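These numbers were taken from a predicted model, which means no experiment stands behind them.
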Amino acid sequence: MAGIIFLDNASTTKVDDRVFEAMTPYFTQQYGNPASLHDLGQSAEDAVEGSRRHVASLIGAKPEEIYFTSCGTESNNFSLFGLAKSLKGRGRHIISSSIEHISILNPLKDLKKEGWDHTLLPVDEYGSVSPEDLKKAIREDTALISIMHANNEVGTIQNLEDLGKIARDNDITFHSDGVASAGIIPVDVKKLGVDSYSFTSQQMYGPKGAAALYVRKGLRIKPYLIGGTQERGRRAGTENVPAIVGFGQAARIAKQELGKNAAYLEGLRNAMIEGIMAGIDNVKLNGHPQKRLPGNVHVSFEYIEGESILLLLNMEGIAAASGSSCVSQALKNSQVLISMGLSPTTAQGSVLFSLGKFNKRQEIDKTLEVLPPIIEKLRKMSPLYKES
Amino acid sequence: MAGIIFLDNASTTKVDDRVFEAMTPYFTQQYGNPASLHDLGQSAEDAVEGSRRHVASLIGAKPEEIYFTSCGTESNNFSLFGLAKSLKGRGRHIISSSIEHISILNPLKDLKKEGWDHTLLPVDEYGSVSPEDLKKAIREDTALISIMHANNEVGTIQNLEDLGKIARDNDITFHSDGVASAGIIPVDVKKLGVDSYSFTSQQMYGPKGAAALYVRKGLRIKPYLIGGTQERGRRAGTENVPAIVGFGQAARIAKQELGKNAAYLEGLRNAMIEGIMAGIDNVKLNGHPQKRLPGNVHVSFEYIEGESILLLLNMEGIAAASGSSCVSQALKNSQVLISMGLSPTTAQGSVLFSLGKFNKRQEIDKTLEVLPPIIEKLRKMSPLYKES
Amino acid sequence: MVTYSKKVMDHFMSPKNVGEIEDADGVGEVGNPTCGDMMTFYIKVKDDRLDDVKFKTFGCGAAIAVSSMVSELAMGKSLDEALKISNKDVAHELGGLPKQKMHCSNLGADALHKAIQDYKKKKME
Amino acid sequence: MVTYSKKVMDHFMSPKNVGEIEDADGVGEVGNPTCGDMMTFYIKVKDDRLDDVKFKTFGCGAAIAVSSMVSELAMGKSLDEALKISNKDVAHELGGLPKQKMHCSNLGADALHKAIQDYKKKKME
Ligand SMILES: Cc1ncc(COP(=O)(O)O)c(C=O)c1O
Ligand SMILES: Cc1ncc(COP(=O)(O)O)c(C=O)c1O
């Protein structure tokens with residue numbers, strides 16, 4: 001939409017024009033089913049395999065280690081349920097963290113009913129998992145560790161290399177949810193030492209409807225969607241060819257431009273954080289001050305609530321997000337913020353501005369201009385705020 | 001691809017230009033996440049809900065009875081696993097048929113490991129399930145019946161109304177796989193008496209990546225993809241907005257044009273069947289002579305094998321499919337054909353020409369022209385064929 | 001996601017009667033920030049009528065709109081009439097509220113009633 | 001899905017030596033239609049060399065191409081040389097075969113060897 005300042009890139013991203021163009025033929029011209037023997041099927045299959053190479057290359061994997069799925073949630077469900085099934089001989093304990101995405105946490109709850117115990121590691125005030133805590137949590141029967149790479153809310157990037165080494169030293173399979181990181185920061189699954197890694201197209205300027213699970217060659221995992229022999233029998237269902245083509249292009253472009261984009265975003269981000277701190281008092285920056293996603297500006301405005309901030313920003317044409325319970329469908333405060341030790345009141349006043357490569361400096365300036373009066377207006381209404 | 005005669009509409013369909021046009025804005029303009037509070041999120045949500053109404057209306061359901069998924073396989077997995085979880089107090093026996101799609105049969109196998117028994121009903125030579133057989137198979141502990149609506153290979157349409165009545169009379173939940181039927185023949189879930197019904201966009205000139213599960217209001221079903229609260233908590237994961245928009249348009253157009261398209265396809269189909277029978281000897285029409293999908297021409301050419309027929313057709317620019325084991329990834333003959341009593345040799349020579357609304361009469365004529373020499377050429381090479 | 005009626009958005013954008021009354025005759029508070037919304041109502045009473053009503057609210061768009069609507073509905077009413085204003089009435093006057101907003105955010109009438117009870121209690125003392 | 005090399009497609013489209021030999025010196029048959037592919041080889045032998053080779057094949061593109069390639073490789077060879085032709089050689093000569101085609105469809109050499117054995121057995125009698 002013209003004129004909208006989209007600072008909600010953590011929820012999804014605009015599709016890059018080049019990506020959309022690459023997808024276009026696959027709807028009304030190259031519409032074949034990759035399973036078909038004929039030329040239209042073959043060209044669809046070639047397109048899917050081409051994408052697989054791009055997607056693999058983005059994270060330093062081999063093409064045959066990539067399985068396409070429909071969304072990040074499916075990749076995470078596939079990994080946890082699929083690995084749990086193949087690992088149950090190894091033990092029945094999983095270690096994860098308290099700031100994981102709900103598509104990790106809910107499967108863990110379900111697995112509990114099937115006899116799997118789990119430990120959720122705490123995080124410090126910046127949202128970091130400590131390798132020491134991980135070491136201590138490992139039990140004789142720990143079969144799987146699942147720790148996200150970057151947090152989608154506060155942007156904190158975990159030290160996966162250290163965590164992965166601990167997993168390896170203890171011969172425990174290691175999954176990481178990379179939905180918020182892949183395509184945004186450099187990812188090399190071999191260096192990170194992960195056995196399985198989820199990521200999705202719609203977070204890197206690709207289309208919705210395509211995501212992937214990296215599964216290290218040789219790792220046993222049961223399929224989750226079952227039926228036909230697509231994806232070498234590990235994910236049944238007709239491939240979403242156009243979306244996969246888009247994902248491939250998005251991955252190709254991301255690999256190429258990642259360094260440039262990250263530097264640009266860090267500049268914007270730092271300017272925005274400084275601008276907010278300078279213009280408004282009683283604001284707290286959430287997440288790690290350095291080890292954070294380049295586009296992440298997550299702040300809490302004391303004394304007021306996030307939904308009302310978002311609504312007023314929206315009136316000014318600015319799109320953002322919040323960890324307030326009033327914004328969540330589940331009517332709960334962001335678990336991430338609470339785990340980091342924020343008080344519920346402070347968590348209520350949180351706003352996530354997630355910047356993307358299409359954002360312009362002027363958009364940040366405009367936001368910095370309209371934000372103080374919005375905060376001021378709401379604080380004036382708040383029973384918690386005493387004007388000084 | 002220009003010039004290709006696409007007679008493989010059962011594997012997937014070309015996206016209707018009107019559908020593609022409707023989707024276009026949702027990639028680079030209306031790219032919001034429906035879960036977001038701001039205008040871009042809201043317009044995405046409105047689009048999804050608009051589609052839900054169209055999709056519901058196509059099958060006589062209420063919008064709140066429709067859950068969007070990523071493919072037919074997911075809908076079938078969701079239904080079987082989700083219902084099994086919610087029905088396990090009712091009993092541990094499922095009745096299905098031997099001609100179901102593999103995305104039904106494989107879950108049944110998996111459920112067996114979890115203590116669910118199943119009975120696969122046989123079919124007659126035309127691929128029809130007999131209501132008598134269903135009645136006889138019902139046990140005290142039968143909790144679920146799953147019978148497909150139309151068969152995707154031989155095109156036989158089941159008498160769902162009768163089967164549904166038996167299910168209802170015995171208070172057994174009834175699922176039907178409608179992937180091959182919805183949008184092609186009239187579907188009214190209330191009349192059919194189904195509790196749950198799978199169908200997909202890519203079989204009705206909509207895009208890949210969007211499908212649906214109808215779940216009768218009040219029916220309990222556990223979600224299969226778990227995480228966020230999308231689809232009212234029954235299917236987690238960011239919605240594939242453009243594909244869902246396309247599905248909505250495809251459903252709207254299908255509803256409007258279904259009668260016209262079916263009549264047109266039946267005309268083409270009958271002409272093609274007659275043409276094949278007149279031009280080639282030792283051919284068998286598979287599937288029900290009357291109760292079959294309007295575009296389905298499924299035939300077996302004796303003495304020869306399907307893959308080689310498809311390859312030669314492909315050289316002539318004609319795209320078709322076959323139930324030959326040489327074509328299947330699993331290297332098995334079509335289970336459907338074997339269940340109908342075809343000998344393996346006859347099954348090997350089967351070819352499915354599935355016609356769609358975009359096919360022209362001239363394309364059928366061209367196919368009827370090139371087919372006899374192809375069959376002749378292969379038969380001349382076959383050790384099974386004795387020239388008369 | 002949440003979709004608000006035009007009326008809710010109007011009240012949210014330009015809420016009526018925001019503020020405190022220094023020498024209020026009664027004060028009522030409901031909710032708490034932990035659960036999401038918190039409202040404080042202040043009233044001035046004259047001849048058993050609400051001579052002034054003001055509020056302060058911490059919370060979502062609905063909570064602010066509800067507070068504003070309650071203040072408007074109550075203003076000038078007799079205490080008995082004001083006590084009859086229900087949360088349901090308020091939602092109705094606002095052209096409906098999203099379902100998930102009915103529990104936490106639609107507490108304005110309760111806060112008003114509490115303020116009136118506070119006034120009555122103080123008067124008794 | 002299956003993707004064939006150009007050489008496979010050439011042999012499939014224009015197979016060499018298709019047919020039967022009425023008064024064959026040896027006949028060899030492998031496979032059966034149930035499993036997918038079936039090949040019958042006919043040979044004429046002269047001075048311990050393959051003077052003529054013909055085949056008939058029921059099966060997929062690979063099976064037909066394999067048969068054609070085997071017939072071409074064998075033609076004119078001594079029986080001993082012909083017995084050394086392996087299925088692997090044939091796949092190699094064809095520029096490779098898809099993995100799933102290696103088992104059922106790549107039986108041409110076996111059929112040829114069977115025909116030679118048939119010839120030898122007949123000669124013994
Ligand atoms: C009858 C039937 N059911 C289910 C499916 C699975 O659909 P999808 O490939 O979209 O997962 C198919 C696919 O062709 C089908 O024909
Ligand atoms: C860290 C993380 N993991 C998983 C998911 C789930 O992805 P999807 O919504 O594509 O299913 C998200 C979605 O935002 C996420 O941020």
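- In this structure, B:Thr238 and A:Cys71 have side chains that are not in contact, with every pair of non-hydrogen atoms separated by 4.5 Å or more.
- For B:Glu316, the CD atom sits in a packed shell: over 12 heavy atoms of surrounding residues, nucleotides or ligands are nearer than 6.0 Å.
- When heavy atoms are compared at a cutoff of 4.5 Å, A:Thr229 approaches chain B solely by way of its side chain, counted from C-beta outward.
- Separation of atoms CD1 (B:Ile5) and CG (A:Leu40) is listed at 12.0 Å; rounding is to 0.5 Å.
- For A:Gln202, the part lying under 4.5 angstrom from a heavy atom of chain B is the side chain only.
- Interface residue B:Arg235: only side-chain heavy atoms are found under 4.5 Å from chain A.
- From B:Asn33, atom CG reaches atom OG1 of A:Thr13 across 10.5 Å, with rounding to the nearest 0.5 Å.
- For the set A:Asn77, A:Ile226, A:Thr200, the count of heavy-atom pairs under 4.5 angstrom toward chain B peaks at A:Ile226.
- A donor-acceptor pair is defined here as one N or O able to donate and one able to accept, closer than 3.5 Å; such a pair exists between the side chain of B:Asn314 and the backbone of A:Asp39.
- Under the 30°/60° scheme for interplanar angles, the aromatic rings of A:His38 and B:Phe6 are found to stand perpendicular.
- Proximity to chain B (any heavy atom under 4.5 Å) is restricted, for A:Met23, to the side chain, taken from C-beta onward.
- Of all heavy-atom pairs spanning A:Asp8 and B:Ser36, the tightest one is OD2-OG, 3.0 Å.
- Residue B:Thr73 comes nearest to A:Ala236 through the heavy atom pair CG2-CB, 3.8 Å, listed as atom of the first residue, atom of the second, then distance.
- Checked by atom type and distance alone, the side chain of A:Tyr224 never pairs as donor or acceptor with a backbone atom of B:Leu225 at under 3.5 Å.
- Two residues are said to be in side-chain contact when any heavy atoms from C-beta on lie closer than 4.5 Å; A:Thr28 and B:Phe358 fail this criterion.
- Distance alone, capped at 3.5 Å, places no donor-acceptor pair between the B:Lys208 side chain and the A:Phe27 backbone.
- Residue contact with chain A, scored on non-hydrogen atoms closer than 4.5 Å, is absent for B:Ala321.
- The 12-atom threshold is not exceeded at NZ of B:Lys332, counting heavy atoms of other residues, nucleotides or ligands nearer than 6.0 Å.
- Comparing A:Pro107, A:Ala243, A:Pro207, A:Gly246 by how many heavy-atom pairs each has under 4.5 Å with chain B, the most go to A:Pro107.
- Atom OG of A:Ser43 is separated from atom CD1 of B:Ile4 by 7.0 Å, given to the nearest 0.5 angstrom.
- Ionic pairing of A:Asp110 and B:Lys222 is not present here: no N-O contact between side-chain nitrogen and carboxylate oxygen is shorter than 4.0 angstrom.
- Contacts of A:Ala320 with chain B are made by backbone atoms alone, with heavy-atom separations under 4.5 Å and no side-chain atom involved.
- Most heavy-atom pairs under 4.5 Å with chain B: of the set A:Gly233, A:Gly72, A:Gly209, A:Gly317, this distinction falls to A:Gly209.
- Of all heavy-atom pairs between A:Thr24 and B:Phe20, the closest is CG2-CZ, 3.5 Å.
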